[in-house]
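Structure record follows, encoded as structure tokens.
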Amino acid sequence: MSSFKLKVILIGRDLVKNRLIQRIIKNRFAVNYKLTVGVDILTKDVEFDLNEFATLSIWDIGCQERFEFIRSTFYRGAAGLILFFDLTKEDTFTEVRNWFTEIVQTTGDTPFLLIGNFVTLLKKGNKAFFRKEVSRFAENEGGIYIETSPDEINALENAIYALTRKIIETRSD
């Protein structure tokens with residue numbers, strides 16, 4: 001039996017990520033919108049393989065401009081990243097790409113999970129080009145990409161397990 005403790009950075013616009021944070025951490029849907037001020041540290045235990053466990057220390061980073069000067073100090077020591085954007089708002093993906101670049105400058109090549117939220121709000125075929133661009137970005141950077149909504153807990157859980165496995169494999173190499 002193996003056990004790991006891993007620091008994971010979680011970043012994205014508050015309205016986009018906070019709808020899913022409670023799903024990730026406590027497997028429940030949160031209706032209330034809570035602004036992340038600075039950093040909020042959460043914990044999630046993951047069994048990513050049979051008798052293989054990891055405790056994720058998830059650092060939910062506030063994205064407001066006024067915290068830009070301090071964000072890089074929170075990035076240090078990160079084993080993985082979870083990046084959120086809103087599939088209905090292309091500018092949120094642009095922000096995520098900027099944060100990704102900012103984080104990689106501090107952490108180096110770090111396994112990441114890119115989550116496009118609110119997929120159920122898209123109309124059929126809506127923003128197909130944009131979605132292909134997102135998928136190519138994740139693939140080119142070696143990340144995991146999923147599209148989900150707050151009510152799709154299984155896809156989210158599976159993606160967290162996949163990210164955890166990827167982090168462990170990267171550290172074993």
Side-chain angles (χ1 to χ4, degrees), residues 4 6-25 27 29-30 36 42 44 46-49 52 54 56-63 71 74-75 78-173:
F4 301 89
L6 305 168
K7 178 179 178 180
V8 176
I9 301 297
L10 185 141
I11 199 160
R13 273 196 198 166
D14 286 313
L15 184 59
V16 178
K17 67 181 176 176
N18 288 347
R19 302 245 187 240
L20 290 174
I21 290 173
Q22 291 299 318
R23 282 289 206 188
I24 291 171
I25 305 302
N27 193 14
F29 180 71
T36 303
L42 312 159
K44 177 168 181 67
V46 175
E47 182 176 8
F48 61 93
D49 275 329
E52 300 279 342
L56 304 182
S57 175
I58 300 174
W59 291 49
D60 176 11
I61 308 292
C63 297
R71 276 198 303 258
F74 297 136
Y75 301 154
L81 313 171
I82 302 173
L83 309 159
F84 287 96
F85 72 99
D86 184 338
L87 283 163
T88 67
K89 297 177 181 162
E90 199 168 334
D91 64 315
T92 63
F93 175 64
T94 302
E95 289 174 341
V96 160
R97 285 180 70 161
N98 292 337
W99 289 320
F100 177 79
T101 301
E102 180 181 284
I103 295 168
V104 168
Q105 288 174 351
T106 302
T107 65
D109 191 21
T110 305
F112 71 95
L113 169 60
L114 179 61
I115 300 173
N117 196 9
F118 305 122
V119 70
T120 54
L121 298 179
L122 291 178
K123 294 183 173 91
K124 227 176 199 171
N126 190 11
K127 304 201 183 223
F129 176 76
F130 163 63
R131 292 165 81 186
K132 287 178 185 173
E133 178 188 343
V134 171
S135 183
R136 269 195 310 274
F137 168 77
E139 185 178 322
N140 290 342
E141 296 295 337
I144 300 165
Y145 173 58
I146 67 165
E147 294 180 348
T148 191
S149 284
D151 58 341
E152 296 178 7
I153 188 63
N154 288 337
L156 196 54
E157 285 291 323
N158 290 338
I160 297 291
Y161 298 145
L163 175 63
T164 305
R165 273 189 221 98
K166 191 169 189 167
I167 293 168
I168 300 302
E169 288 168 5
T170 302
R171 291 178 160 236
S172 299
D173 291 344

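All of these numbers come straight from a predicted model, not from anything done at the bench.
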Between [X] and [Y], what is the shortest heavy-atom contact and its length?
X    : Y    : answer
I11  : W99  : CD1-CG, 3.9 Å
I168 : F4   : CD1-CG, 3.3 Å
I167 : A79  : CG1-O, 3.5 Å
N117 : S149 : OD1-CA, 3.5 Å
K89  : T92  : O-OG1, 2.7 Å

Can you name the ring-ring contact (aromatic ring centres under 6.0 Å, His included) partners of Y145, sequence neighbours left out?
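Scan of Y145 (ring-ring contact (aromatic ring centres under 6.0 Å, His included), adjacent residues dropped) gives none.
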Run the ring-ring contact (aromatic ring centres under 6.0 Å, His included) test against F137 and tell me which residues pass, sequence neighbours left out.
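Once residues adjacent in sequence are excluded, the partners of F137 under the ring-ring contact (aromatic ring centres under 6.0 Å, His included) criterion are F93, F100.
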Output all residues satisfying side-chain hydrogen bond (donor to acceptor under 3.5 Å, both in side chains) with D91, sequence neighbours left out; order by chain, then residue number.
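Testing D91 for side-chain hydrogen bond (donor to acceptor under 3.5 Å, both in side chains), a comparison that skips the adjacent residues, returns R13.
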Starting at [atom1] of [X], measure out to [atom2] of [Y] and round the result to the nearest 0.5 Å.
X    : Y    : atom1 : atom2 : answer
Y161 : L113 : OH    : CG    : 13.5 Å
I82  : L56  : CD1   : CG    : 7.0 Å
I160 : I58  : CD1   : CD1   : 6.0 Å
L87  : F85  : CG    : CZ    : 4.5 Å
I103 : F112 : CD1   : CZ    : 10.5 Å

Could you tell me whether K44 and E157 make a salt bridge, using a distance below 4.0 angstrom between a side-chain N and a carboxylate O?
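Yes.
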With side chain to side chain contact (heavy atoms under 4.5 Å, CB included) as the criterion, how do R131 and V119 come out once you've worked through the C-alpha distance, each side chain's angles and the decisive distance to 0.1 Å?
CA-CA 10 Å; R131 292 165 81 186; V119 70; 3.7 Å; yes
Note, I115 side chain near I146 side chain (heavy atom, < 4.5 Å)
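Yes, at least one pair of side-chain atoms sits under 4.5 Å.
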Less than 4.5 Å apart, any side-chain heavy atom of T164 and any of V8?
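No; the side chains remain at least 4.5 Å from each other.
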Quick one: side chain to side chain contact (heavy atoms under 4.5 Å, CB included) partners of [X], sequence neighbours excluded?
X    : answer
E139 : none
T94  : N98
T110 : L81, T107

So among E133, E102, E141, which one has a salt bridge (charged side-chain N to carboxylate O under 4.0 Å, His left out) with R97?
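Only one of E133, E102, E141 forms a salt bridge (charged side-chain N to carboxylate O under 4.0 Å, His left out) with R97, namely E133.
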Using the side chain to side chain contact (heavy atoms under 4.5 Å, CB included) rule, take V134 and E147 through it: C-alpha gap first, then chi angles, then the decisive distance, then the call.
CA-CA 10 Å; V134 171; E147 294 180 348; over 6 Å; no
Donor-acceptor pair, side chain of K166 and main chain of G142, under 3.5 angstrom
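At least one qualifying donor-acceptor pair exists.
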Please tell me whether Y75 and Q105 have a donor and an acceptor in their side chains that are separated by less than 3.5 angstrom.
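There is no such pair (donor and acceptor under 3.5 Å, judged by atom type) between the side chains of Y75 and Q105.
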